[in-house]
Amino acid sequence: MPELPEVEVVRRGIHRWATYATVTQVEVLDQRSLRRHEVGEADFIARLTGQLLDEPQRRGKYLWIPYGEGSHALVVHLGMSGQVLVTDPSLPDPKHLKIRITITSGDRIQELRFVDQRIFGGLYLDALVPAVDRPEELLPATVTHIGRDPLDDHFDTEAVFRKLRKRRSNLKRALLDQSLSSGIGNIYADEALFRARLHYSRPTETLTRNEVSRVYSAAEQVMRLALSQGGTSFDALYVNVNGESGYFDRSLYVYGRHGQLCYRCEERGQETLIERRKFMNRSSYFCPVCQPVPRRARK
DNA sequence: CGCAGGTCCTGCACGC
DNA sequence: TGCGTGCAGGACCTGC
C-alpha cells in the first residue's frame, strides 16, 4: 500500500514520539512478520531488547531506526498493508497486530505496534554500512541496492537518464524498479507519467533527457504534495502514525479515475475519459490523449 | 471471481 | 558449455 509519502509520515511520527526511547520488551505475535529476519524470533528479541533507539531514517519505502551507537538498525518495510502505531499500552490490540515493542522514555511507557494484514511487510535487524557514493551516510546492508529517491538531496537525474538509455524495458517498469530510483509505487508512477505526458509502455532507450527530467520532477512534485497534506495527521495524543482511516488525500489526477474526465483535456474544453489497462499484472490509468501510446510500445 | 498502493525469486534469453 | 546479466512473470498473503 504505502509509497514514499506514507512511509515518510510514519518516519516523522516515530521521530517525534519514539526517538531516544529504550526498548524494554519485544513481543512477536506472528513470526511471519519476521520472515526477513532470517535468524529467527529469539535472536530478534534478544538483540533488540534494551537498545536505545536513535533518529529514524528512510530511503524510498524502507524505514529504519538505528541503535547501538549507529552500528545496527531496526528495519521496517510496510509492504502492501503495514502500519506502525505508537500508542499507550492501555489501548486494546488492533486486529492484525503482529509485533509489539514496548519502549520507555523518562517515565513514559509506550508501545510501537507493527500491524499488517497481508504480511508482505515486516521487521528485521541489520548492520549499518556506509553508502557507496557517500561514505558518511549509513544505511542497512540490505538497503544498499535501493536507489536514491526523488526527494533525496543527492538524487541524480542525469545518472538515472544514462541508465535508462541502456535499458531495454518500458518506462513504468523502470519507475517501479526500486534499484534505479526508489519510493515510487503504482499510484505515483501513474501520476508522474500523467503529469509528464508520457505513456507507460514507452521504451526506455528512446527517452530524451528532457522527458526523463520531466517524469522525475513530476514524481517529486506529486510526492511532496501528498506529504504536505499528510504531514499533520499524526499529531495526536495517541499516534496513529499510519492509521486505518489515515491515508490522506493525495490529489490524484489519474489513479483510480477510469471512466472519468481527464482534467487537463477538460481545461481545453475537450472531453476525454481516463482509461484503465492491465499492464505488468496491475492496473495502469492514463489519458489516451495526453499520453498517446508510443509507436513502438513495449510490454 | 476480481481486486488491492510491494518485493523478490525463478527461469529464460542472450553475450562472452 | 558455463557463467553473469537483464528482464518478465509469478509467488507470496489476506480480506473485501
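Below, read A as the first sequence line, B as the second, and so on, with proteins coming before strands; counting in each chain starts at 1.
Phosphate contact (OP1/OP2 of dA8(C), side-chain N/O of Arg298(A), threshold under 4.0 Å): absent. Between dT7(B) and His77(A), a contact under 4.0 Å exists linking OP1 or OP2 to a side-chain N or O. Contact annotation: Ser81(A) side-chain N/O to dC13(C) OP1/OP2 distance is not under 4.0 Å. Side-chain nitrogen and oxygen atoms of Arg168(A) include none within less than 4.0 Å of the OP1 or OP2 phosphate oxygen of dC14(B).
Under a 3.5 Å cut-off, the side chain of Asp149(A) and the backbone N or O of Gly60(A) do form a donor-acceptor pair.
Atom-to-atom, CD1 of Ile184(A) to C1' of dG6(B) comes out at 14 Å; the value is rounded to the nearest Å. Distance NZ (Lys166(A)) to P (dC7(C)): 11 Å, rounded to an integer number of Å. Between the CG atom of Leu171(A) and the C1' atom of dC7(C) there is a distance of 16 Å, rounded to whole Å. dG10(C) atom C1' lies 13 Å from atom NZ of Lys299(A), rounded to whole Å. dG2(B) atom P lies 16 Å from atom NE2 of His258(A), rounded to whole Å. When the P atom of dG6(B) is taken as reference, atom CG of Leu63(A) falls 16 Å away, rounded to whole Å. For the pair Leu252(A) CG and dA4(B) C1', the computed distance is 15 Å after rounding to whole Å. As rounded to whole Å, 5 Å separates atom P of dC8(B) from atom NE2 of His145(A).
When side chains are defined from C-beta on, Val84(A) counts as touching Leu112(A), because their heavy atoms get closer than 4.5 Å.
No more than 12 heavy atoms of other residues, nucleotides or ligands sit less than 6.0 Å from atom CZ of Arg197(A).
For Arg35(A) and Asp177(A), each mapped to the nucleotide of DNA chain C holding its nearest heavy atom, the one lying further toward the 5' end belongs to Asp177(A).
Nucleotide dC1(B): unpaired (no Watson-Crick or G-U wobble partner with both distances less than 3.5 Å). Both distances falling under 3.5 Å, in either a Watson-Crick or a G-U wobble arrangement, occur for no nucleotide opposite dC13(C). Base pairing analysis places dA8(C) opposite dT10(B); the two distances defining the Watson-Crick or G-U wobble pair are each below 3.5 Å.
Looking at Asp116(A) and Ser81(A), their side chains do bring a donor and an acceptor atom within 3.5 Å of each other. For the residue pair Arg108(A) and Thr104(A), no side-chain donor N or O sits within less than 3.5 Å of a side-chain acceptor on the partner. Side chain to side chain, Ser201(A) and Lys172(A) fail the donor-acceptor criterion of an N or O pair below 3.5 Å. For the residue pair Tyr62(A)/Thr142(A), the side-chain donor-acceptor check at 3.5 Å is not satisfied.
The stretch residues 276-283 of chain A comes close to DNA chain B through Lys278(A), Arg282(A), Ser283(A), each having a heavy atom under 4.0 Å from the strand. Contacts with DNA chain C (heavy atom under 4.0 Å) in residues 116-123 of chain A: Gln117(A), Arg118(A), Ile119(A), Phe120(A), listed by number.
Two rings, from Phe286(A) and Tyr200(A), have their centers less than 6.0 Å apart.
Salt bridge Asp177(A)/Arg173(A): absent, no basic N to carboxylate O contact under 4.0 Å.
Between Tyr285(A) and His258(A), the ring planes are tilted. Angles from 30° to 60° get that label.
The gap from the P atom of dC8(B) to that of dG15(C) amounts to 23 Å, rounded to the nearest Å.
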